Asks: 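One structure is given below, represented as structure tokens, and several questions about it will come after.
Since we're looking at a predicted model, the values are computed, not measured. Convention: sequence-line order gives letters A, B, ...; per-chain numbering from 1. Values reported hereafter were calculated over all heavy atoms of this structure, with side chains retained and with hydrogens, waters and symmetry mates removed.
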Amino acid sequence: MERLLSKRFFERDPAVVAEELLGKVIIRNLEGSILKGMIVETEAYYGAEDPASRARRGKLPHNRLMWEDPGTVFVYVVHGNNLFNVVTMPRGIPSAVLIRAVRPLEGIDTMMRNRKVKDLRNLANGPGKLCEALGITRDLNGLKVYDPKSPLRIVDSGITGLEVARSHRIGVREDLETPLRFYVRGSEFVCRNTPSRHKSLL
DNA sequence: AGGAAGATCTACT
DNA sequence: GTAGATCTTCCTA
């Protein structure tokens, strides 16, 4: 059974949403095919108080979606890669969760075509790779992941019993003290189990 | 107008 | 483990 996550689900602290998104399933309708992947790695981002956040310098044209309704799709480009975020917290409070990796479940042939790789583990084990595999670009900005008509949605398909691990965020120049990266312990589909520059905390 | 930085990825050693 | 590609946005002049 698949149940769409509610707008309220996202209207909370991004660290809580990031942790609870592990095991949820992304559904992407792309040119007639249906792609599905289970989220195995996420990171939480805050506003002005977070030196690693796109929102740290205030509201600007490129980051304005972080002030939008919870559940809004926010795609940003870094180093030529698209990064898929979902906006969190009540409207007006900038914050978001970055989806860093998914485990491919359905539409794997299409994902392999999009990515031009055949190794299942290398299909969506990184924020840029995941966007390429699922065809996620800035065209999708502003969509709501809780909207049944959206071509990009997130559902609860009843997956439970995953062991959650946590570490500092990857690739950021300056991190907060609290570890804000969450991943499924032992999964073959996460980007890295142990970040090189920071020790992994329970 | 130009340079630098960045929530990355790949290939190579 | 490190280097280079890549491209959009921001900051300074």
Side-chain angles (χ1 to χ4, degrees), chain A residues 10 13-19 21-22 26 37 39-68 72-89 93-104 111-142 145 152 154 165-183 188-201:
Chain A
F10 299 97
D13 187 289
V16 175
V17 177
E19 177 164 4
L21 275 177
L22 297 178
I26 295 176
I39 298 170
V40 296
E41 181 179 351
T42 57
E43 283 178 359
Y45 287 84
Y46 292 90
E49 70 276 27
D50 182 352
S53 174
R54 299 287 93 173
R56 70 189 180 284
R57 293 190 199 283
K59 196 169 179 175
L60 293 164
H62 80 282
N63 64 14
R64 71 192 157 76
L65 287 173
M66 288 186 75
W67 279 257
E68 261 295 336
T72 299
V73 173
F74 172 44
V75 179
Y76 189 82
V77 180
V78 176
H79 290 95
N81 300 286
N82 291 305
L83 273 55
F84 170 37
N85 300 256
V86 184
V87 175
T88 55
M89 296 288 272
I93 304 178
S95 71
V97 171
L98 169 68
I99 311 297
R100 287 192 57 90
V102 304
R103 165 181 151 138
M111 295 190 208
M112 286 180 172
R113 204 158 53 240
N114 291 345
R115 286 267 302 136
K116 300 179 180 65
V117 299
K118 53 180 180 171
D119 183 355
L120 197 61
R121 292 169 310 176
N122 195 26
L123 220 43
N125 61 335
K129 300 177 185 180
L130 164 170
C131 286
E132 193 174 29
L134 297 179
I136 296 174
T137 67
R138 281 173 301 175
D139 295 349
L140 305 183
N141 263 331
V145 297
L152 180 58
I154 302 181
R166 162 170 203 171
S167 79
H168 283 283
R169 294 175 294 188
I170 289 180
V172 301
R173 192 155 75 160
E174 189 182 354
D175 206 350
L176 292 170
E177 271 197 33
T178 317
L180 289 172
R181 170 174 173 255
F182 301 85
Y183 60 98
E188 292 295 305
F189 300 94
V190 305
C191 182
R192 290 130 122 182
N193 275 325
T194 313
S196 56
R197 290 176 49 223
H198 304 285
K199 64 181 169 205
S200 173
L201 320 178

Asks: May I ask which nucleotide in the shown strands pairs with dT6(C), Watson-Crick or G-U wobble, both distances under 3.5 Å?
Replies: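 Pairing partner, where one exists within any strand: none, as none qualifies.
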
Asks: How many whole angstroms separate atom NZ of Lys129(A) from atom P of dT6(C)?
Replies: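 So the two atoms are 18 Å apart, to the nearest Å.
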
Asks: Give Arg56(A) one of three labels, base, sugar-phosphate or nothing, depending on what nucleic acid heavy atoms sit under 4.0 Å from its own.
Replies: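 Nothing: the residue Arg56(A), judged by heavy atoms under 4.0 Å, touches no strand.
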
Asks: Give the rounded distance in Å between these two atoms: NZ of Lys116(A) and C1' of dA11(B).
Replies: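 In whole Å, dA11(B) C1' and Lys116(A) NZ are 17 Å from each other.
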
Asks: Pick the nucleotide of DNA chain B nearest each of Glu174(A) and Glu132(A); which residue has the one closer to the 5' end?
Replies: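 In this pair, the answer is Glu174(A).
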
Asks: Please determine if Arg169(A) and Asp50(A) form a salt bridge, counting it only when a charged side-chain N lies under 4.0 Å from a carboxylate O.
Replies: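 Salt bridge flag = yes for Asp50(A) with Arg169(A).
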
Asks: So, taking the atom named CD in Glu177(A) and the one named CG in Asp175(A), what distance separates them when rounded to the nearest 0.5 Å?
Replies: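 CG of Asp175(A) is found 10.0 Å from CD of Glu177(A).
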
Asks: Side chain to side chain contact (heavy atoms under 4.5 Å, CB included) with Phe189(A): which of Leu120(A), Val102(A), Ile39(A)?
Replies: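 With Phe189(A) as partner, side chain to side chain contact (heavy atoms under 4.5 Å, CB included) holds for just one option, Leu120(A).
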
Asks: From CD of Glu41(A) over to C1' of dT8(B), roughly how many Å is that when rounded to an integer?
Replies: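 Rounding to the nearest Å, CD of Glu41(A) and C1' of dT8(B) are 13 Å apart.
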
Asks: Counting only side-chain N and O atoms of Arg173(A), is one of them less than 4.0 Å from OP1 or OP2 of dG6(B)?
Replies: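 Checking Arg173(A) against dG6(B): at least one side-chain N or O falls below 4.0 Å of OP1 or OP2.
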
Asks: Quick one: do Tyr46(A) and Asp13(A) satisfy side-chain hydrogen bond (donor to acceptor under 3.5 Å, both in side chains)? Show the steps, please.
Replies: CA-CA 9 Å; Tyr46(A) 292 90; Asp13(A) 187 289; 2.6 Å; yes

Asks: In this structure, how many angstroms lie between the P atom of dA5(B) and the NE2 atom of His79(A), rounded?
Replies: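 That distance rounds to 11 Å.
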
Asks: Rounded to the Å, how far apart are Arg57(A) CZ and dA5(B) C1'?
Replies: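 About 10 Å, once rounded to whole Å.
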
Asks: Between Tyr76(A) (OH) and dC7(C) (C1'), how many Å, whole number?
Replies: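 Going from Tyr76(A) (OH) to dC7(C) (C1'), I get 11 Å.
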
Asks: What's the CG-C1' distance between Asn141(A) and dT9(C), to the nearest Å?
Replies: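 Taking atom C1' of dT9(C) as the reference, CG of Asn141(A) is at 14 Å.
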
Asks: Have a look at Phe84(A) and tell me which of Leu98(A), Ile26(A), Leu134(A), Val97(A) forms a side chain to side chain contact (heavy atoms under 4.5 Å, CB included) with it.
Replies: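 Among Leu98(A), Ile26(A), Leu134(A), Val97(A), the one that satisfies the side chain to side chain contact (heavy atoms under 4.5 Å, CB included) with Phe84(A) is Ile26(A).
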
Asks: For Asn81(A) and dT8(C), give me the distance from atom CG to atom P, rounded to whole Å.
Replies: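 Taking atom P of dT8(C) as the reference, CG of Asn81(A) is at 12 Å.
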
Asks: Nearest to the side chain of Arg115(A) - dG6(B), dT10(B), dT9(C)?
Replies: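 Shortest atom-to-atom distance from the side chain points to dT10(B).
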
Asks: Between dC10(C), dT8(B), dT8(C), which nucleotide has the shortest distance from any of its atoms to the side chain of Arg100(A)?
Replies: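 That would be dT8(B).
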
